[in-house]
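Accompanying notes for the structure given below.
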Amino acid sequence: MEHITCRKSCDWDTLQLLDKEIFKDEAESRICRTTLWWLLELGGQPVGFAGLDDISEGKFRGGMLVKAGLLPIARGNGLQKRLIQIRDRAARKQGLTVNITYVAEWNYASANNLIECGYKLYTPQWKYGLADALYFRKYL
Ligand SMILES: CC(C)(COP(=O)(O)OP(=O)(O)OC[C@H]1O[C@@H](n2cnc3c(N)ncnc32)[C@H](O)[C@@H]1OP(=O)(O)O)[C@@H](O)C(=O)NCCC(=O)NCCS
C-alpha cells in the first residue's frame, strides 16, 4: 500500500465529496461543522473520512463516533480500525470518558472492527440510531 496519512480536517469540500461518493443517497446534505473530522489520504489522495461528536452534557463526558467511510480502493486494509483508534485517542485527550456509536445490523465489517477496538454491545436508554441499529460503547 502507498503511504497513508490520517489528520484532522476542516476541508469541508473534500469531506463532502467523499461523503457523497461513499454513502451515495445516505450522504448528509451538508457535512456538520460542529463534528471533528479526520481525513485519510493514500499517496496524497483523500480516500476516507470519519467524525467524532462531543455529546457531553452535565456530568456526562462522552463522544459519539459518526460515520466512517472508505473509497472501495482503500477497503480491506484495516483502515477503519485506524479511524476508530484515532478518534478514541482524541476523545480521551479531550477528557471524555466514554465513546458510543451505532451501526446497521448488516454491517458486520464495522461491528467486528468496533469489537476489535474494545467496543461492546449495549442497550441505550433511547434508540438514537436507525431502526435496525446495533449500539456500541467503550469506556476510555
Ligand atoms: C465498513 C468499512 C468502513 C470497513 O473498512 P475497512 O477498513 O475496509 O475494514 P477491514 O479492512 O477491516 O475489512 C472489513 C471487511 O471488508 C471486506 N473487504 C475486504 N476488502 C474489501 C474491498 N476491497 N472492498 C469491499 N470490502 C472489502 C472483507 O470482508 C473484510 O472482512 P475480513 O477482514 O473478514 O476479510 C468500509 O467497507 C466502508 O467504508 N464501507 C462503506 C461505508 C460504511 O459502511 N461505513 C460504516 C458505517 S458508518
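In this chain, residues are counted from 1 in sequence order. Computed from a predicted structure; not experimentally measured. The analysis underlying the following values was restricted to heavy atoms, covering all of them including side chains, and did not include hydrogens, waters or symmetry mates. Just so you know, ligand 1 is whichever comes first in the structure, and atom 1 is the first atom listed for that ligand.
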Taking 4.0 angstrom as the limit and counting only heavy atoms of [X], give me the atoms of ligand 1 inside it, by number and element.
| X | result |
| --- | --- |
| Ala109 | 14 (C), 15 (C) |
| Leu79 | 7 (O) |
| Ile22 | 41 (C), 42 (C) |
| Asn77 | 11 (O) |

Has the side chain of [X] got a donor or acceptor atom that lies under 3.5 Å from a matching backbone atom of [Y]?
| X | Y | answer |
| --- | --- | --- |
| Arg7 | Leu39 | no |
| Arg33 | Cys10 | no |
| Thr35 | Leu52 | no |

With nothing but distance in play, are any N or O atoms of [X] less than 3.5 Å from an N or O of ligand 1?
| X | result |
| --- | --- |
| Gly69 | no |
| Trp106 | no |
| Phe23 | no |
| Ala68 | yes |
| Ser110 | no |

Among Arg82, Arg75, Lys67, whose heavy atom sits nearest atom 41 (C) of ligand 1? Arg75
Heavy-atom nearest neighbour of atom 6 (P) of ligand 1 within options Leu70, Asn107, Leu83: Leu70
Separation of [Y] [atom2] from [X] [atom1] (nearest 0.5 Å):
| X | Y | atom1 | atom2 | result |
| --- | --- | --- | --- | --- |
| Gln125 | Tyr135 | CD | OH | 13.0 Å |
| Tyr139 | Ile100 | OH | CD1 | 10.0 Å |
| Ser110 | Leu83 | OG | CG | 10.5 Å |

Which residue supplies the protein heavy atom nearest to [atom], what is that atom called, and how far is it?
| atom | result |
| --- | --- |
| atom 11 (O) of ligand 1 | Gly78 N, 2.7 Å |
| atom 18 (N) of ligand 1 | Gly76 CA, 4.1 Å |
| atom 4 (C) of ligand 1 | Gln80 OE1, 3.4 Å |

Is the shortest side-chain heavy-atom distance between Tyr119 and Asn113 below 4.5 Å?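 Tyr119 does not reach Asn113 side chain to side chain.
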Is there side-chain contact between Thr97 and Leu140, with at least one heavy-atom pair below 4.5 Å?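 When only atoms from C-beta onward are counted, Leu140 and Thr97 do not touch, as no gap falls below 4.5 Å.
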Evaluate Ser9 against Asp11 for side chain to side chain donor-acceptor pair (under 3.5 Å), listing each step before the verdict. CA-CA 5 Å; Ser9 177; Asp11 181 350; 5.1 Å; no
Do Tyr108 and Ile84 land in one hydrophobic cluster if side-chain heavy atoms of ILVMFWY residues count as linked below 4.5 Å?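 No, because Tyr108 and Ile84 fall into different hydrophobic clusters, even though each may have its own neighbours under 4.5 Å.
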Hydrophobic cluster membership, Leu121 vs Ile115, 4.5 Å side-chain cutoff: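 Yes, same cluster.
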Contact between ligand 1 and Asn113 is defined here as a heavy atom of the residue under 4.0 Å from a ligand atom; is it met?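 Within the 4.0 Å threshold, so yes.
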So is Tyr108 close enough to ligand 1, meaning a heavy atom under 4.0 angstrom away?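 Under 4.0 Å: no for Tyr108.
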Sub-4.0 Å protein heavy atom near [atom]:
| atom | value |
| --- | --- |
| atom 9 (O) of ligand 1 | yes |
| atom 28 (C) of ligand 1 | no |
| atom 47 (C) of ligand 1 | yes |
| atom 34 (O) of ligand 1 | no |

So if I apply the side chain to side chain contact (heavy atoms under 4.5 Å, CB included) rule between Leu40 and each of Val47, Thr5, Ile86, Leu18, which one comes out positive?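 Looking at Val47, Thr5, Ile86, Leu18, the match for Leu40 under the side chain to side chain contact (heavy atoms under 4.5 Å, CB included) is Val47.
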